[in-house]
K.L.:
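Before I ask anything, let me first share the structure, which is written out below as C-alpha cells.
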Amino acid sequence: MTRAPDRHNSEEVPIDELSTGRESIVRIVDLHKQFHQLQVLKGINLEVERGDVMVVIGPSGSGKSTMLRCINRLEESTSGHIFIEGDDIMAPGANVNALRQKVGIVFQSFNLFPHLTVLGNVMLAPLKVQRRPKGQVEETARRNLERVGLSDKVDVYPAQLSGGQQQRVAIARALAMEPDIMLFDEVTSALDPELVKEVLDAMKELAQEGMTMLVVTHEMGFAKEVGTWAVFMDEGVIVERAEPGELFDNPKNERTKSFLSKVL
Amino acid sequence: MQEFIRLWFNYSDLKEVLPVLVEGARITVVVAIAAQAIGVAGGLVLALLRISKLKILRLPAIVYIDLFRGTPLIMQVLIAYTALPLFGINLDAITTGIVVMGLNTAAYDAEILRAGIESIHAGQMEAARSLGMTYLQSMRYVILPQTVRRVLPPLTNDFIILIKDTAILSIVAVPELLRNAKEWVGWKARFSGYTGAALVYLAMTLPLTRLVSWMERRLSMGEADHAPQKGFLRRMFSFGSDEGSGTTGKGPRRSTHR
C-alpha cells in the first residue's frame with residue numbers, strides 16, 4: 001500500500017478543538033492503517049501536549065494498540081501524518097532511531113532482555129545508542145530504578161522477578177533514554193491481579209512528576225484518577241474525547257455509553 | 001573367528017599403528033577446527049542474509065545453502081580438487097580440504113543459526129528497536145547473545161559430524177586419520193589399523209557427545225532458574241559486552257544430517 005501522495009500538503013487539517021496551545025508532543029493527523037483488507041485505523045486525529053496523561057480506552061480490536069505502535073513506527077501506517085515535536089516522522093528519510101529515543105514504550109509482555117541483569121537492561125540502550133559515559137549511564141539507571149521502587153533488584157536477572165517487577169524494570173528501561181513521551185500499551189493486562197497495583201502506582205508517580213503519557217488501558221479506575229484526557233476508540237476511529245470525569249460519568253456518544261455500561 | 005581377532009584386534013599391531021594414527025588425527029583436528037571456524041563465521045553471515053527482508057540479499061543465501069546441502073560433500077571435494085587448479089587456484093591438499101569443508105559446514109550452520117535467531121521472541125527485537133537501537137545493534141546486543149546458548153548444542157553436534165566427515169578427504173590424499181590408517185593397512189595387510197582408527201575417532205567424538213548432553217541439560221535447567229552462569233558458557237559467550245549473560249532457552253534438537 002503506498003502512502004497518500006498529498007501527505008505533505010495536508011498539515012492544515014484542523015485537528016483538536018481541545019488544544020490548549022501548550023507544546024505539542026505528538027500530533028496525529030488523519031492516520032489510516034490497513035492490514036490487507038482490514039481497515040484498522042480509519043482516520044485518527046489526536047494531539048498530546050506536554051504534561052498530558054491521555055488514556056485511551058475501547059473494546060479490543062478497536063485499534064488502540066495499533067495507533068500506539070504507529071507512533072514510534074513499530075507499525076507502519078498506510079496514510080496520514082504523525083508529528084513528534086513538530087517533526088513529521090513519516091516523511092521519507094525521517095530518522096526512525098532518533099525518533100524512537102524521544103518516544104518510550106512499555107509493552108504488555110514486558111520484553112525484558114533475559115540475558116542481562118536489571119541494571120544491564122536499563123543501561124544497554126543509553127550505552128550503545130546514546131554512547132553516554134558508563135558512570136553517568138549507571139547513575140541515571142539506578143535513579144530510574146529507584147523511581148520504580150526496584151533499587152534493591154539491580155543485579156538480578158529478569159526471570160527472578162515477578163511480572164509486576166519486570167514491568168517496572170521495563171518502565172525504567174524506557175525512562176533511561178529520557179524520552180519526551182511515554183507510551184503504555186496495556187501494560188497491566190498480562191499481570192496477575194495482585195501485581196497490577198504496583199505498576200499502576202509507578203505510572204501514577206510518573207504522571208505526577210509531569211511526564212507526558214499516552215496510556216492504552218483497561219484499568220478504568222486508573223484512567224479516571226490519573227488521566228488528564230480520556231479518549232474512547234471504537235472500530236478504528238476516535239469516538240469521543242473529553243476530560244476523564246466527563247467521559248466516564250457523562251458520555252455523549254451512544255457507543256461510549258454502551259462500552260462503559262459493560263466495563264464499569 | 002580367531003583369524004578375525006588376530007587381524008582386527010591385534011594388540012601389538014594396535015601399538016605399532018598408534019603413532020601413525022595420532023599423526024593423522026592431528027591433521028583431522030586441524031581441518032575440523034579450521035572448517036568449523038569458517039562454517040560458523042560464514043554461517044552467521046548466511047543466516048543474517050537468509051532472514052533479510054530484501055530478496056536481493058536473501059536469494060543468494062538460499063541458493064548457496066541449497067547447493068551445498070543438496071549435493072554430496074564427497075562430490076564437492078572432488079570438484080574443488082579438480083576444478084580449482086583450472087582457475088589458477090593452486091592450494092595444497094589440506095587447505096583445499098579446509099576450504100571445501102568450511103564452505104559446506106557454513107551452509108549447515110547457517111540453518112542452525114537461522115533457527116536459533118528465529119526462536120527468539122519477536123518482542124525482543126521490538127523492545128530493542130523501540131529503544132532506538134539499529135537493526136544490527138539489536139542483533140548484536142540482544143538477539144545473538146540469546147541465540148548463542150540455544151545453538152551451541154546443535155553446532156557442537158555439527159562439529160562431531162565434521163570430524164567424522166574429514167575422512168572423506170582421504171580420497172584426495174590428505175594425510176588425515178583414515179588415510180594414514182589405510183596406508184598402514186595396505187602396507188602391513190593387518191586390519192587392526194582400521195580398528196585403531198575407529199578408536200581414535202571415538203576418543204575424539206565421545207567427549208564431545210557427552211559435552212552436548214551436558215550443555216542441553218544445563219540449558220533446560222537454566223530455563224527454570226535463569227541464574228547467572230559462572231561457567232565457561234557465560235565467560236566465552238558474553239559477546240565482549242560488559243553485561244553478563246544469564247538465561248538460556250532449551251536448545252533446538254539436532255536436525256542436520258549429511
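Being a predicted model, the structure only gives us computed values, none of them experimental. So that the names make sense, note that chain A is the first sequence line, chain B the second, and so on, each numbered from 1.
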K.L.:
Would you say CZ of A/R50 has more than 12 non-hydrogen atoms from neighbouring residues, nucleotides or ligands within 6.0 angstrom?
P.N.:
yes

K.L.:
Which distance, rounded to the nearest 0.5 Å, do you find between the NE2 of A/H115 and the CD of B/Q146?
P.N.:
5.0 Å

K.L.:
For A/V103, is it the side chain, the backbone, both or neither that has a heavy atom under 4.5 Å from a heavy atom of chain B?
P.N.:
backbone

K.L.:
Any side-chain heavy atom of A/R100 sitting closer than 4.5 Å to one from B/M133?
P.N.:
no

K.L.:
Could you check if a side-chain atom of B/S130 sits within less than 4.5 angstrom of a side-chain atom of A/F107, using non-hydrogen atoms only?
P.N.:
yes

K.L.:
Hey, what do you get for CD1 (B/I143) to CZ (A/F113), rounding to the nearest 0.5 Å?
P.N.:
8.0 Å

K.L.:
Within a radius of less than 6.0 Å around CD of B/E118, do more than 12 heavy atoms belonging to other residues, nucleotides or ligands occur?
P.N.:
yes

K.L.:
For A/L99, is it the side chain, the backbone, both or neither that has a heavy atom under 4.5 Å from a heavy atom of chain B?
P.N.:
neither

K.L.:
Strictly distance-based, threshold 3.5 Å: is any side-chain N or O of A/N111 a donor or acceptor partner for the main-chain N or O of B/G123?
P.N.:
yes

K.L.:
With side-chain contact (heavy atoms from CB on, under 4.5 Å) as the test, would you mind laying out the steps for A/N97 and B/R129 before giving the verdict?
P.N.:
CA-CA 8 Å; A/N97 297 322; B/R129 297 306 303 274; 3.5 Å; yes

K.L.:
Heavy-atom cut-off 4.5 Å, strictly under: side chain, backbone, both or neither for B/E126 against chain A?
P.N.:
both

K.L.:
Checking side-chain contact (heavy atoms from CB on, under 4.5 Å) for the pair A/I105/B/L131: CA distance, chi angles, key distance, verdict?
P.N.:
CA-CA 8 Å; A/I105 184 165; B/L131 291 165; over 6 Å; no

K.L.:
Has B/I56 got more than 12 heavy atoms of other residues, nucleotides or ligands less than 6.0 Å from its CD1?
P.N.:
no

K.L.:
Is A/R173 close to chain B through its backbone or its side chain, or both, or neither, when contacts mean heavy atoms under 4.5 Å?
P.N.:
both

K.L.:
Can you check whether A/V129 reaches B/T134 side chain to side chain, under 4.5 Å on heavy atoms?
P.N.:
no

K.L.:
Indicate the atoms forming the closest heavy-atom contact of A/Q101 with B/G132, along with that distance.
P.N.:
CG-CA, 4.2 Å

